[in-house]
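See structure below.
Index from 1, following the sequence.
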Amino acid sequence: MQRIEVTTKPNGAGRNWLEVGTFEVDSLGRKQWVKKNVPHQETKLTVDRQYSARGETIDWIVLIPENYPLTLVKITYDRLNPKDLEVLWEPGVSDQSDDSRETKKKRAFELAAGNAELTSLLQELLAD
């Protein structure tokens with residue numbers, strides 16, 4: 001699961017909020033955001049919201065499962081910039097590349113060298 005932590009400001013100038021949805025390309029070739037839901041109403045997401053003492057901000061923790069099909073964005077709205085999108089998570093984009101994973105496996109075996117029990121346990125756990 002991917003963990004996203006973000007703070008939003010629901011009211012006033014420079015307010016922002018979270019949405020889940022997809023980017024679709026229209027007939028003119030422009031990329032358009034299509035909202036499907038909000039994170040706290042999406043059943044596949046695990047969401048924890050913590051409001052500040054005066055309710056000025058919301059601290060979010062969102063747990064996204066591996067196969068989640070929608071994109072999570074933070075939308076900022078103010079008079080000068082009516083709708084600014086910041087992509088927080090996108091399906092198919094992984095923070096951990098296979099190369100990095102192999103490097104970490106190799107490092108784990110290096111650290112376990114000399115300990116037969118730990119080496120065999122690593123082989124069991126990391127068998128592909």
Side-chain angles (χ1 to χ4, degrees):
M1 286 197 140
Q2 179 79 22
R3 179 184 171 114
I4 305 291
E5 295 183 31
V6 66
T7 300
T8 59
K9 181 180 180 243
N11 301 313
R15 64 184 173 267
N16 49 45
W17 60 91
L18 300 180
E19 291 181 357
V20 291
T22 59
F23 285 102
E24 294 179 0
V25 179
D26 65 8
S27 60
L28 299 174
R30 294 177 296 203
K31 193 174 175 182
Q32 301 289 325
W33 172 249
V34 178
K35 175 185 172 183
K36 303 288 184 186
N37 210 345
V38 289
H40 58 279
Q41 293 179 343
E42 184 68 29
T43 58
K44 294 180 183 175
L45 297 177
T46 304
V47 177
D48 180 37
R49 294 183 293 173
Q50 193 73 34
Y51 290 85
S52 66
R54 294 176 42 191
E56 294 173 348
T57 62
I58 304 171
D59 293 324
W60 295 78
I61 298 174
V62 182
L63 298 176
I64 303 170
E66 301 284 329
N67 58 354
Y68 190 66
L70 300 175
T71 302
L72 176 68
V73 297
K74 178 179 176 181
I75 298 180
T76 302
Y77 179 85
D78 61 29
R79 287 185 341 190
L80 299 176
N81 209 354
K83 195 171 185 181
D84 185 33
L85 296 164
E86 176 188 350
V87 176
L88 300 175
W89 186 86
E90 199 168 10
V93 178
S94 175
D95 287 349
Q96 189 180 53
S97 66
D98 289 336
D99 203 26
S100 173
R101 183 172 167 80
E102 291 303 318
T103 304
K104 288 178 182 176
K105 281 183 182 181
K106 183 178 177 183
R107 180 67 180 138
F109 280 108
E110 287 173 2
L111 292 172
N115 186 336
E117 184 179 353
L118 187 54
T119 304
S120 67
L121 181 61
L122 279 172
Q123 287 172 345
E124 280 182 43
L125 291 173
L126 300 175
D128 288 332

Between [atom1] of [X] and [atom2] of [Y], what distance do you get to the nearest 0.5 Å?
X: E5; Y: D59; atom1: CD; atom2: CG; value: 9.0 Å
X: L125; Y: K105; atom1: CG; atom2: NZ; value: 11.0 Å
X: I58; Y: K9; atom1: CD1; atom2: NZ; value: 12.0 Å
X: T71; Y: E19; atom1: OG1; atom2: CD; value: 12.0 Å
X: L45; Y: I4; atom1: CG; atom2: CD1; value: 10.5 Å
X: Q2; Y: E66; atom1: CD; atom2: CD; value: 8.0 Å

Is it the case that more than 12 heavy atoms not belonging to Q50 sit under 6.0 Å from its CD atom?
-> no

Give a yes or no on this: more than 12 heavy atoms of other residues, nucleotides or ligands lie within 6.0 Å of atom CD of Q41.
->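 Enclosed: over 12 neighbouring heavy atoms sit under 6.0 Å from CD of Q41.
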
Return the minimal non-hydrogen interatomic distance between [X] and [Y], and the atom names on each side.
X: T119; Y: F109; answer: O-CE2, 3.8 Å
X: W33; Y: I75; answer: NE1-CD1, 4.0 Å
X: P39; Y: L72; answer: CG-CD1, 3.7 Å
X: E56; Y: P10; answer: O-CD, 3.3 Å
X: A108; Y: L122; answer: O-CD1, 3.6 Å
X: T22; Y: L70; answer: CG2-CD2, 3.6 Å

Do the side chain of T46 and the main chain of L63 share a donor and acceptor less than 3.5 angstrom apart?
-> no

Going by atom types only, do T8 and N16 share a side-chain donor-acceptor pair under 3.5 Å?
->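 No - no donor-acceptor pair under 3.5 Å links their side chains.
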
Are [Y] and [X] co-members of a hydrophobic cluster defined by side-chain heavy atoms under 4.5 Å apart?
X: Y51; Y: L18; result: yes
X: F23; Y: W17; result: yes
X: V73; Y: Y77; result: yes

Y68 side chain reached by V20 side chain, heavy atoms, under 4.5 Å | yes

V47/W60 under side-chain contact (heavy atoms from CB on, under 4.5 Å): CA gap, chis, key distance, verdict | CA-CA 7 Å; V47 177; W60 295 78; 3.6 Å; yes

